[in-house]
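See structure below.
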There are 2 protein chains.
Amino acid sequence: MTKQPDHKYEIVKQYFINFIQKNDLKKGDKVFSENEAMERLKVSRHTVRKAIGDLINEGWLISVKGMGTFVNDPGAFINKPSKLIGVITTYITDYIFPEIIAGLEDVFHRKGYNIMLGNTSNEIEKERQCLLNFLGQDLAGVVIDATKSAYPSANIDLLNEFRKRKIPVLFIHSYYREFDSSYVVENDEYGGYTGTLHLIKRGMKKPAGIFKSDDMQGHLRYKGFLKALSENSMSIEDDNIIWFNTYDKKNMLNKTNSGFIDGRIIDILGRCDGILCYNDEIAYYVLEIAKKTGIKIPENCRLVGFDDSKLAIMADVKLTSVSHPKNELGRITAESIIKMINKSETFVKMVIKPELIVREST
Amino acid sequence: MTKQPDHKYEIVKQYFINFIQKNDLKKGDKVFSENEAMERLKVSRHTVRKAIGDLINEGWLISVKGMGTFVNDPGAFINKPSKLIGVITTYITDYIFPEIIAGLEDVFHRKGYNIMLGNTSNEIEKERQCLLNFLGQDLAGVVIDATKSAYPSANIDLLNEFRKRKIPVLFIHSYYREFDSSYVVENDEYGGYTGTLHLIKRGMKKPAGIFKSDDMQGHLRYKGFLKALSENSMSIEDDNIIWFNTYDKKNMLNKTNSGFIDGRIIDILGRCDGILCYNDEIAYYVLEIAKKTGIKIPENCRLVGFDDSKLAIMADVKLTSVSHPKNELGRITAESIIKMINKSETFVKMVIKPELIVREST
DNA sequence: AATTATTTGTGCGTATGTATC
DNA sequence: AGATACATACGCACAAATAAT
C-alpha cells in the first residue's frame, strides 16, 4: 500500500528509483537523460529537474554537466549506522587502563569500529562533559569506567538520554547502583575474599586493610575481606582499616600532604601482620614505607594487592596480587558492546572471576 | 577579495545571508518574501527560488507554505569544521605513551576537540589501515607516532592525501625522512650525546650501546653516542653495539626466543664498563641479566636509559635516564596541531631538548 | 463564517549558456 | 564542428496554506 504521490515530480523520483533498483544499477552507472525522462513520463523539463534535484540532495544521484546523470549511492536511504564507539576512562595513564584500551582497540579495529576517547581523571564534572560531548556525536555505543561509583551519580540524567536514544552503554570495572545498566566487572567481592583467605592461610592473626572509599570496587573488596574474616571467626578493629579517596591518592603519589595517611600506614604496619591493599599501587606504597621504617615484608607483615600490574613484578619484593587478565577484559568488553549494538544481546551483565597470583609479598 | 559569483542565484543567496547577518536574525525570524526578493534584486521568481532552495539544503532557511521563509540555522554557513583529531600511536600500552595521551587529551578536551584513537603495534600494515580509516572520517587533524621511521614508508601516498585535503598532520617522536612534515620530537642525537658524555665522565673506558634499528630515534641516539665518543678520542668496536628491532623486542619482553640477544648482552656486560641503552625497558632488561650473571651495576658496568619511565624509578638499581617531560610533550603536541588547524602556524618543527636524570645506575 | 491578499509550491514553455564526447 | 546533456534564467498560470479583514 504505497501511497500514490500527489505530485508529478514525486512520480518522476519514484520512477528513477525504480529504474535504479530494477536494473540493479551501481554507483557510477548512468541513468537516462532529462530529455528522455520528459518523453517517458510526459512531463516538462522543469519537473524532471525538480525530481533529479531532490534525488541529488538525497544522495541518490550525481549529475555532471555535459555527460549525464549518474547513480551516486544506491543505498543512501539506508542511513548507514555509526561505527564510532565512545570510551570514557578515569585515568588513561593508570597502570592497568592502557592494557585494557589496547584490548578494546584491537577488537574494535578488527570489526571496523573506531574509538573516541574521553578521560575524567575521576572527576564527576569531567565525566559530565565527556557524556555531553558524546551525546552530540552520533555514537554506536559507549563504554564507561564510572567515576566515583560508590556515590550516587550526578550524571544519571545523561545516561538516561543515551538509553532514550537507544545507544548502548556498557560499564566497565564498576557501575552506578541507581542506574540499571550493562556491565563487565571483576568479581571484587570474591577478590577481596580470596585475597584475605590467602593471608589467613599464611598465618595472618592481626588483619588490616586499605580501601578506596569512593568507588564501588573498594567497597566490594572490603565486603569480601570482612566475609573471609568472619568465616574464620576473626574480627577487625576499625583502627586497622584505612579508607582513602581519589584526593588522598593524588597526594600520596605526588608525595604532597600525605603525612596523615603515611602515619596511619606506619601504625598498621607496626600493629598488624597482614594487609589487604586496594590495589598494587597502594601495596607498592606500603612496601616503600615498610622499607623506610625497617619492617620486613613478608616476614613481619604480608601484603596482597590487586590488578597484577607491572608494579607487582617490578617491586623489590614482588607482590601477591588478585587480578583479571587485562587485555582480555578489554576484548570481552569490546565484543560485548558490539553484540549490544547488533542487538544480538540487549543486556550484558558479566562478572569475571579474578585469580590470585602468589608472589614474594606473602 | 571575495570572488564575484558568476550566477545570479549566487548573488541572491549572498544577499539573503548578508540580510540575516546584518540584521542579526535568529532561528525562527522571518526573511522577506520571494516577491520582494524579485523586486529588490530585479531577478525572476525562478532565480529567487533556486537561491532559497539552495539555502534550505544548506541549512540556512526553512520555508512554510502560506507563511513565508524563516531562518533555520544562522551559523550554517560556517559549515562547522570538524572537532575530531585522529591520534595514531604505536603502542598504547607502552610505558610512556599513556602519559603523552593524557597530556594530549587534557588540552584537546579543554579546547573542545575529541580524540579518535588508532594503534599500529608498530606494524606498517596496521598504520596503513588506520590512515585509510582516518581518511574517511572528516578529521580536523592527525597526530602520528610513526611506525618504523628508520625505513622508507609505504604509506607516503596516504600522507600526501591528507596534505591534498589540507588536513594538518603532526608527527610525534619521529618522522619519515622522505615526507617533509610537521613534527614535535625529542632531540635524540643530543640525548645520546649527553648520556654518553655522562658515562665518559663517570669513567667509562670500554663503551657499549644497544639501539633499535627500525626507528629514527635509535639511529639518532646512536649518532649522538658516536659523536660523544669521537670528541673524547674514544673508539667503539662493532661487537660492542647491539642492534635490535621491533620483532626482537617483542620476543625479549615475552621471554621467548630471546637467547641470541641475551647472549650478546651477557657478552658486552662482561667486556664493557658502560652501556647506553635505547630506552629504560632495555636498560631494565640489561639490569635483570646483570643480576642473574652476578655483574654489579653500577660498580662493574654503568647504564643509561631513555624516557625516564616508571621503570627507571622502580628498578632495584634506579636508572639514570635521558628524558623529556612526557605529559608536557603531549600538551605541546596538542597545542601545536591546534595552531596548525587554526592556520596560525602552518609548519611546526619542534625539537625538545631532553635532560639527563642521574640515578643509581651510574 | 466567508472573503481576500499574501506567500510558498507545482508545473509548463522557452531561450541561452557551457561542458563533454 | 556538431550533437548531446546538464545549468541558468525569464515568464506565466494555478494550487494550497495562512493570516488578516
Side-chain angles (χ1 to χ4, degrees), chain A residues 2-17 19-20 23 25-74 76, chain B residues 2-17 19-20 23 25-74 76:
Chain A
T2 34
K3 209 180 83 184
Q4 190 69 3
D6 295 322
H7 302 300
K8 288 197 182 178
Y9 72 88
E10 293 284 0
I11 298 171
V12 179
K13 281 173 71 175
Q14 202 53 54
Y15 187 85
F16 270 98
I17 290 174
F19 181 80
I20 292 168
N23 298 44
L25 297 190
K26 301 296 175 199
K27 186 175 177 128
D29 291 344
K30 195 175 172 185
V31 297
F32 46 83
S33 73
E34 293 179 359
N35 280 321
E36 195 174 340
M38 288 168 70
E39 285 163 24
R40 286 200 193 191
L41 291 148
K42 306 290 172 205
V43 292
S44 73
R45 173 106 192 277
H46 178 89
T47 304
V48 173
R49 284 187 61 74
K50 162 73 173 160
I52 291 176
D54 276 13
L55 292 173
I56 288 171
N57 281 323
E58 288 166 22
W60 280 89
L61 298 175
I62 280 182
S63 56
V64 183
K65 195 193 269 198
M67 288 183 72
T69 302
F70 304 86
V71 175
N72 182 20
D73 187 351
Chain B
T2 33
K3 210 181 81 184
Q4 191 69 5
D6 295 320
H7 302 299
K8 289 196 182 179
Y9 72 86
E10 292 283 359
I11 298 170
V12 179
K13 281 173 73 175
Q14 203 53 53
Y15 187 85
F16 270 98
I17 290 172
F19 182 80
I20 291 167
N23 298 41
L25 298 190
K26 301 295 175 200
K27 188 177 175 121
D29 291 345
K30 195 175 174 187
V31 298
F32 47 84
S33 73
E34 293 179 2
N35 280 321
E36 197 174 341
M38 289 167 67
E39 285 163 25
R40 287 199 194 191
L41 291 148
K42 305 290 173 203
V43 293
S44 72
R45 172 122 188 267
H46 177 89
T47 306
V48 172
R49 284 187 62 75
K50 163 71 174 159
I52 291 176
D54 276 13
L55 292 173
I56 288 170
N57 282 323
E58 288 167 23
W60 276 90
L61 298 175
I62 280 183
S63 56
V64 183
K65 195 193 270 197
M67 287 184 75
T69 303
F70 304 86
V71 176
N72 182 22
D73 184 352

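Chain identifiers are assigned alphabetically (A, B, ...) following the order of the sequence lines, protein sequences preceding nucleic acid strands; residue numbering begins at 1 within each chain. Only a predicted model underlies this, so the values are computations on that prediction, with no experimental measurement involved.
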Criterion side chain to side chain contact (heavy atoms under 4.5 Å, CB included) on Trp60(B) and Ile56(B), from CA distance to verdict: CA-CA 6 Å; Trp60(B) 276 90; Ile56(B) 288 170; over 6 Å; no

Residue pair Leu25(B), Phe19(B): steps toward the side chain to side chain contact (heavy atoms under 4.5 Å, CB included) verdict: CA-CA 8 Å; Leu25(B) 298 190; Phe19(B) 182 80; 3.7 Å; yes

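Following rounding to the nearest Å, Arg40(A) (CZ) and dA5(D) (P) show an atom-to-atom distance of 12 Å. In this entry the distance linking CG of Leu61(A) with P of dA7(D) reads 11 Å, nearest Å. The distance from atom OH of Tyr9(A) to atom C1' of dC12(C) is 16 Å, rounded to the nearest whole Å. Rounded to whole Å, atom P of dT7(C) lies 11 Å from atom CZ of Phe70(B). Across the protein-nucleic acid pair, Phe32(A) atom CZ and dT4(D) atom P stand 18 Å apart, rounded to whole Å. Between the NZ atom of Lys65(B) and the P atom of dC14(D) there is a distance of 17 Å, given to the nearest Å. As a whole-Å value, the separation of His46(B) NE2 from dG11(D) P is 12 Å. In this structure, the CD atom of Glu34(B) is 15 Å from the C1' atom of dG11(D), given to the nearest Å.
With dT10(C), dG11(D), dT8(D) as the choices, the nucleotide that has an atom nearest any side-chain atom of His7(B) turns out to be dT8(D). With distances taken from any side-chain atom of Met67(B) to the nucleotides dC6(D), dT18(D), dG11(C), the minimum falls on dT18(D).
The residue among Lys30(A) and Gly66(B) whose nearest nucleotide of DNA chain D lies closer to the 5′ end is Lys30(A). Toward the 5′ end of DNA chain C lies the nearest nucleotide of Ser33(B), the other residue of the pair Met38(A) and Ser33(B) mapping further downstream.
When the side-chain nitrogen and oxygen atoms of Thr69(B) are compared with OP1 and OP2 of dT7(C), none of them lie within a distance under 4.0 Å. For Lys42(A) and dC12(C), the shortest distance from a side-chain N or O to OP1 or OP2 is not below 4.0 Å. For the pair Thr47(B) and dC10(D), the criterion of a side-chain N or O lying under 4.0 Å from OP1 or OP2 is met. Listed pair Ser63(B) / dT7(C) fails the phosphate criterion, with no side-chain N or O lying under 4.0 Å from OP1 or OP2. Note on Lys8(A): a side-chain N or O is less than 4.0 Å away from OP1 or OP2 of dC12(C). Contact annotation: Arg49(A) side-chain N/O to dA7(D) OP1/OP2 distance is under 4.0 Å.
Within the cation-pi definition used here (under 6.0 Å to the ring centroid, within 45° of the axis), Arg40(A) does not qualify as a partner of Tyr15(A).
Applying the side chain to side chain contact (heavy atoms under 4.5 Å, CB included) test to Lys50(A) and every residue at least two apart in sequence or in another chain returns Tyr9(A), Asp54(A).
Between the side chain of Lys30(B) and the backbone N or O of Met67(B), at least one donor-acceptor pair lies under 3.5 Å.
Between the side chain of Arg45(A) and the base of dG11(C), no donor-acceptor pair under 3.5 Å is found.
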